[in-house]
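Right, one structure below, let's go through it.
Counting begins at 1 with the first residue of the sequence.
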Amino acid sequence: MAKYKKLTREDRVSIESALDRRDSFKTIASETGKDCTTISKEVRAHLIFRKDGAYGRAFNDCALRKSCSILDACSKCRYSPDRARRCSGCGRCTSECVLYKKETCRKLLKPPYVCNGCPDRSSCTLEKRVYDAGKAQDEYSTVMKESREGIAVSELEIKRLDSIISPLLLKGQSLHHIYENHRAELMVSERTLYSYVSDGLFSARNIDMPRVVRMSPRRKKPDTIKIDPKCREGRKREDFIVFMKEHPDTPLVELDSVEGIRGGAVLLTITFVHTGLQLAYWRQANDSQSVTDIFAKLYFELGPVDFMRLFPVCLADNGSEFSDPKKSEFDANGNQRTHVFYCDASAPYQKGSCEVRHEMIRRIIPKHTDISLYSQEQILLMMCHINSYGRGTLGNKSPYEVFAFEYGEAILKKLGLQKISADEIILRPSLLSK
């Protein structure tokens, strides 16, 4: 039996074919020359979740679907010509119905854990789990590549190391001396510590190490911290396209950051593409924890129902501040409240709505302006003026008016926004200098 060898594309194709024949893991392992555990881990690691329903029946995985008699549970059907149709036969209300309870097929709790080869697949309306050899190989190749990129360390670990390293560096001690005397506490290599200091992850900098500042800097692009190195798995651009095809009427929210001076305070912008409304939140640093805190704050202020109406899908770039998507996607009880996806690298045009609206922010806060000079109250005032400004793309209506028509002014009040009269709108830096 071939041990300690990676699965090839041919092996994965053989696994998929065997699963379609309903072969056991033991039989598949015998055919591929691998261990049963290897086959089991491979299948479970590359599951594809599909909500495609059945022939002539819409997707619906609610446990109450057979006895449910509710009508018009969601806004999608409320104004539809088919409004007399029960929600149990529609399947689009699961994200808004308060009685929704997810049902999972019991067959998926035991091997082979997938719907490949299941005789009931064509008539089942529950969520499917499928193993696809081609996509499994692509995911494996991506993981192998991304595992060698970035700095995989948590912010909590950086703070712990910083509390040990920086005070001693500021006393004039060398990093080698600190490492030799605190090796048991640090639990990382000396070379890693030099990299962390050089990348500006600690309070102390290279300038605090006299010998280092005399050396010529290496011409290397600084790495970015990825809180979750595997955050892009299942959340790439192609996954986003598939999701939106399956949910074509789902509103989209775009996330981005607006920087002032390098290493200073930044803004998190949240753009509701359909209405053109944009929110901005002041952050002291461009880290993932501040993004998580803002989502938690919005979830608390809006409540679960309104939050899920406003934030069904979020599209972000590959910035390190968005590298911990699970904390944004799930609440404290583990309930999913949104879906986060990523654009391709160096492709800002894929979330062009927020990029275009940043031009309005730059009228008031030009580039290379220190954002730490402003408060959240001033940023909120700026967004009130920007969202009250009429746009030709919205039929000369303002984003505030379109959003109020779509969701009601009560939500705008929860967000702290108010309408500014047309003659009082200011889109100049003087707005925040008062």
Side-chain angles (χ1 to χ4, degrees), residues 235 237 240-241 243-244 247 249-260 266-283 286 288 290-295 297-299 301-302 306-319 321-322 325 328-329 337-344 347-365 367 371 376 379-395 397-409 411-412 414-420 425 427:
R235 301 184 179 90
R237 174 70 177 177
F240 168 72
I241 294 174
F243 184 90
M244 294 306 291
H247 307 81
D249 299 325
T250 303
L252 175 62
V253 177
E254 295 178 348
L255 309 178
D256 204 354
S257 296
V258 175
E259 296 183 344
V266 297
L267 299 179
L268 170 69
T269 61
I270 301 175
T271 306
F272 301 93
V273 176
H274 180 62
T275 62
L277 190 86
Q278 188 171 68
L279 306 177
Y281 293 92
W282 185 95
R283 296 182 292 145
N286 197 22
S288 65
S290 59
V291 175
T292 300
D293 292 341
I294 290 172
F295 267 78
K297 178 176 179 291
L298 288 170
Y299 189 67
E301 293 178 346
L302 294 171
D306 286 337
F307 182 92
M308 293 173 67
R309 284 180 62 201
L310 296 177
F311 296 88
V313 182
C314 297
L315 182 63
D317 57 28
N318 292 275
E321 68 270 30
F322 303 119
S328 299
E329 288 182 324
R337 56 191 180 186
T338 185
H339 296 81
V340 177
F341 294 96
Y342 295 99
C343 298
D344 293 331
Y349 58 87
Q350 292 178 353
K351 52 179 182 60
S353 183
C354 71
E355 298 290 347
V356 169
R357 282 161 178 78
H358 286 175
E359 296 177 4
M360 306 293 288
I361 294 179
R362 289 304 187 189
R363 291 191 189 183
I364 303 172
I365 304 179
K367 289 184 177 181
I371 295 178
Q376 177 58 39
I379 299 301
L380 182 60
L381 174 64
M382 174 182 71
M383 300 315 298
C384 287
H385 281 255
I386 290 176
N387 288 313
S388 299
Y389 189 66
R391 314 290 171 86
T393 55
L394 299 176
K397 300 290 185 181
S398 68
Y400 185 100
E401 293 172 317
V402 176
F403 188 95
F405 177 80
E406 188 78 21
Y407 298 102
E409 288 202 45
I411 293 182
L412 287 165
K414 290 182 180 180
L415 296 172
L417 294 175
Q418 58 182 353
K419 193 174 188 304
I420 308 298
I425 295 175
L427 300 176

I361 CD1 to L267 CG distance, which is reported to the nearest 0.5 Å | 6.0 Å
Using a 4.5 Å cut-off on heavy atoms from C-beta on, say whether the side chain of V291 contacts that of R283.
-> yes
For Y389, does the OH atom sit with more than 12 other heavy atoms under 6.0 Å from it, leaving out its own atoms?
-> no
How long is the gap from CD on Q418 to CG on L412, to the nearest 0.5 Å?
-> 11.0 Å
Below 4.0 angstrom, N of the basic side chain to O of the carboxylate: do E359 and R363 qualify?
-> no
Would you check if F403 and N387 make a side-chain contact, meaning some heavy-atom pair closer than 4.5 Å?
-> no
Beyond-backbone contact of V402 with L277, side-chain heavy atoms, under 4.5 angstrom = no
Of all heavy-atom pairs linking L427 and I425, the shortest is CG-CG2, 4.0 Å
Closest non-hydrogen atom pair between P251 and P312, with its separation = O-CG, 3.2 Å
Closest non-hydrogen contact found for E321 with S257 is OE2-OG, 2.7 Å
Nearest-0.5 Å distance that lies between atom CG in D317 and atom CG in D256 = 5.0 Å
So, do L415 and L380 sit near enough that their side-chain heavy atoms are less than 4.5 Å apart?
-> no
Non-hydrogen side-chain atoms of M360 and R391 separated by less than 4.5 Å | yes
Minimum heavy-atom separation for L315 to Y342, with atom names?
-> CD1-C, 3.9 Å
Student check: side-chain heavy atoms of C343 and P348 closer than 4.5 Å = no
Has E406 got more than 12 heavy atoms of other residues, nucleotides or ligands less than 6.0 Å from its CD?
-> yes
Write down the atom of E329, the atom of V340, and the distance for their closest heavy-atom approach.
-> OE2-N, 2.9 Å
Report yes or no: do R357 and T269 form a side-chain donor-acceptor pair below 3.5 Å?
-> no
Determine whether T275 and P399 make a side-chain contact, defined as any pair of heavy atoms from C-beta on separated by less than 4.5 Å.
-> no
Could you check whether the rings of F307 and F295 sit parallel, tilted or perpendicular, using 30° and 60° as the cut-offs?
-> perpendicular
From Q350 atom CD to I241 atom CD1, the distance as rounded to the nearest 0.5 Å | 7.5 Å
Are the aromatic rings of F341 and F322 close, with centres under 6.0 Å apart?
-> no
In terms of heavy-atom contacts, H358 and Q278 come closest through CD2-NE2, 3.6 Å
Less than 4.5 Å apart, any side-chain heavy atom of I379 and any of I365?
-> yes
